[in-house]
Amino acid sequence: QVQVVDSGGGSVQAGGSLRLSCTVSGATLDDDYAMGWFRQAPGKEREGILCIRWSGSMTYVADSVKGRFTFARDNAKNTLYLEMNSLKPEDTAIYYCAADETGVTPYDYCSESSHQWGQGTQVTVSS
């Protein structure tokens, strides 16, 4: 059974950086898998912000984070990282990682809500 564990959140001042980690166990990740980072701010719906096919051949990045957030993969560790730079107070949210064996595009993956979720990690950006 696939398990998703996300971590790395914390508190940072505006303009700072954080790196989140998402480790998948119970599966060997290949391009049959899509993964993504989602976030949910208080009072708002969960939104997909960065989704990929595991190979990295296809990616989707939401406009709200484009140019500031990027990703990295460690195949040996089955881990996807979210590199967050130039953080803003509006980036404050609980960040969730997801991973599924699916053939959908990264855009569709980010648009869907039924996933294998991590437990979430809080990111707080102060002004």
Side-chain angles (χ1 to χ4, degrees):
Q1 183 177 356
V2 172
Q3 289 189 317
V4 181
V5 177
D6 43 38
S7 63
S11 297
V12 65
Q13 289 192 326
S17 299
L18 280 175
R19 186 177 78 162
L20 307 184
S21 300
C22 175
T23 300
V24 176
S25 61
T28 300
L29 295 176
D30 55 28
D31 209 39
D32 288 337
Y33 280 83
M35 291 185 68
W37 286 99
F38 299 72
R39 67 184 182 185
Q40 187 165 18
K44 295 188 177 181
E45 293 187 354
R46 192 173 299 189
E47 63 166 333
I49 58 172
L50 189 151
C51 295
I52 68 168
R53 302 294 312 173
W54 176 248
S55 67
S57 60
M58 296 178 67
T59 62
Y60 166 76
V61 182
D63 288 343
S64 57
V65 303
K66 194 170 292 183
R68 301 186 298 121
F69 291 11
T70 187
F71 73 95
R73 294 171 296 120
D74 186 328
N75 289 324
K77 295 182 179 180
N78 262 18
T79 298
L80 175 69
Y81 301 99
L82 180 67
E83 307 275 0
M84 305 187 294
N85 301 303
S86 302
L87 283 161
K88 304 175 181 179
E90 51 263 45
D91 294 318
T92 295
I94 299 175
Y95 284 69
Y96 298 89
C97 180
D100 292 277
E101 188 172 14
T102 176
V104 303
T105 66
Y107 175 81
D108 286 339
Y109 192 75
C110 264
S111 301
E112 296 172 350
S113 59
S114 178
H115 296 308
Q116 296 282 341
W117 295 105
Q119 77 280 9
T121 185
Q122 176 72 46
V123 172
T124 302
V125 185
S126 58
S127 57

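Worth saying up front: this structure is predicted, and the values here are computed from it rather than measured.
- Cation-pi geometry between Arg19 and Tyr81 is satisfied (NZ or CZ under 6.0 Å from the ring centre, within 45° of the ring normal).
- In this structure, Asp31 and Ser57 have side chains that are in contact, with non-hydrogen atoms separated by less than 4.5 Å.
- Using a 3.5 Å distance cut-off with no hydrogens or angles, the side chains of Thr79 and Ser21 do not pair a donor with an acceptor.
- To the nearest 0.5 Å, atom CE of residue Met58 and atom CG of residue Asp108 are 8.5 Å apart.
- In this structure the side chain of Phe71 reaches within 4.5 angstrom of the side chain of Ile52, judged on heavy atoms.
- Counting heavy atoms of neighbouring residues, nucleotides and ligands inside a 6.0 Å radius, atom NZ of Lys77 does not exceed 12 of them.
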Query - Tyr109/Asp100 under side-chain hydrogen bond (donor to acceptor under 3.5 Å, both in side chains): CA gap, chis, key distance, verdict - result: CA-CA 9 Å; Tyr109 192 75; Asp100 292 277; 2.5 Å; yes
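- Summarising the geometry of His115 relative to Glu112, their closest heavy-atom pair is NE2-O, 3.2 Å, with the distance given to 0.1 Å.
- Contact of the Leu29 side chain with the Met35 side chain is registered, since non-hydrogen atoms from C-beta on lie closer than 4.5 Å.
- Listed for the Thr92 side chain is a donor-acceptor partner under 3.5 Å among the backbone atoms of Val125.
- Geometrically, Arg39 does not engage Tyr96 in a cation-pi contact defined by less than 6.0 Å to the ring centre and at most 45° from the axis.
- Salt bridge annotation for Arg68-Asp91: present, with a cationic side-chain nitrogen under 4.0 angstrom from a carboxylate oxygen.
- Ser113 has its side chain out of reach of Glu45: every pair of non-hydrogen atoms, C-beta onward, lies at least 4.5 Å apart.
- With hydrogens and angles disregarded, no donor-acceptor distance shorter than 3.5 Å links the side chain of Asp32 to the backbone of Glu101.
- Applying the disulfide bond (SG atoms under 2.5 Å apart) test to pairs two or more places apart or on separate chains, those with a residue in residues 5-41 are Cys22-Cys97.
- Smallest separation of non-hydrogen atoms from Trp54 and Asp30: CB-O, 3.1 Å.
- The shortest distance between side-chain heavy atoms of Tyr33 and Thr102 does not fall below 4.5 Å.
- Among all heavy-atom pairs drawn from Val2 and Ala27, the shortest one is CG2-CB, 3.8 Å.
- When ring centroids are compared, Phe69 and Trp37 stay outside the 6.0 Å threshold.
- Residues Leu50 and Val104 do not share a hydrophobic cluster, clusters being chains of Ile/Leu/Val/Met/Phe/Trp/Tyr side chains in contact below 4.5 Å.
- Taking all atoms of both residues into account, the shortest heavy-atom contact from Ala62 to Tyr60 is CA-OH, 3.7 Å.
- The shortest heavy-atom contact between Val5 and Gln119 is CA-OE1, 3.7 Å.
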Requested in this report: Apply side-chain contact (heavy atoms from CB on, under 4.5 Å) to the pair Gln13 and Ser127, showing each step before the final yes or no.
Outcome: CA-CA 6 Å; Gln13 289 192 326; Ser127 57; over 6 Å; no
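- Minimum heavy-atom separation, Leu80 to Gly36: CD2-N, 4.4 Å.
- A 4.5 Å side-chain heavy-atom check between Ile49 and Leu82 finds at least one atom pair inside the cut-off.
- Ser17 places none of its side-chain heavy atoms less than 4.5 Å from the side chain of Met84.
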Report task. Any chance you could lay out the side-chain contact (heavy atoms from CB on, under 4.5 Å) test for Val123 and Leu20, step after step, and finish with the verdict? Result -> CA-CA 9 Å; Val123 172; Leu20 307 184; 4.1 Å; yes
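- Side-chain atoms of Arg73 come within 3.5 Å of backbone N or O of Ser55 as a donor-acceptor pair.
- Partner of Leu18 under the side-chain contact (heavy atoms from CB on, under 4.5 Å) criterion, chosen from Thr121, Thr124, Leu87: Leu87.
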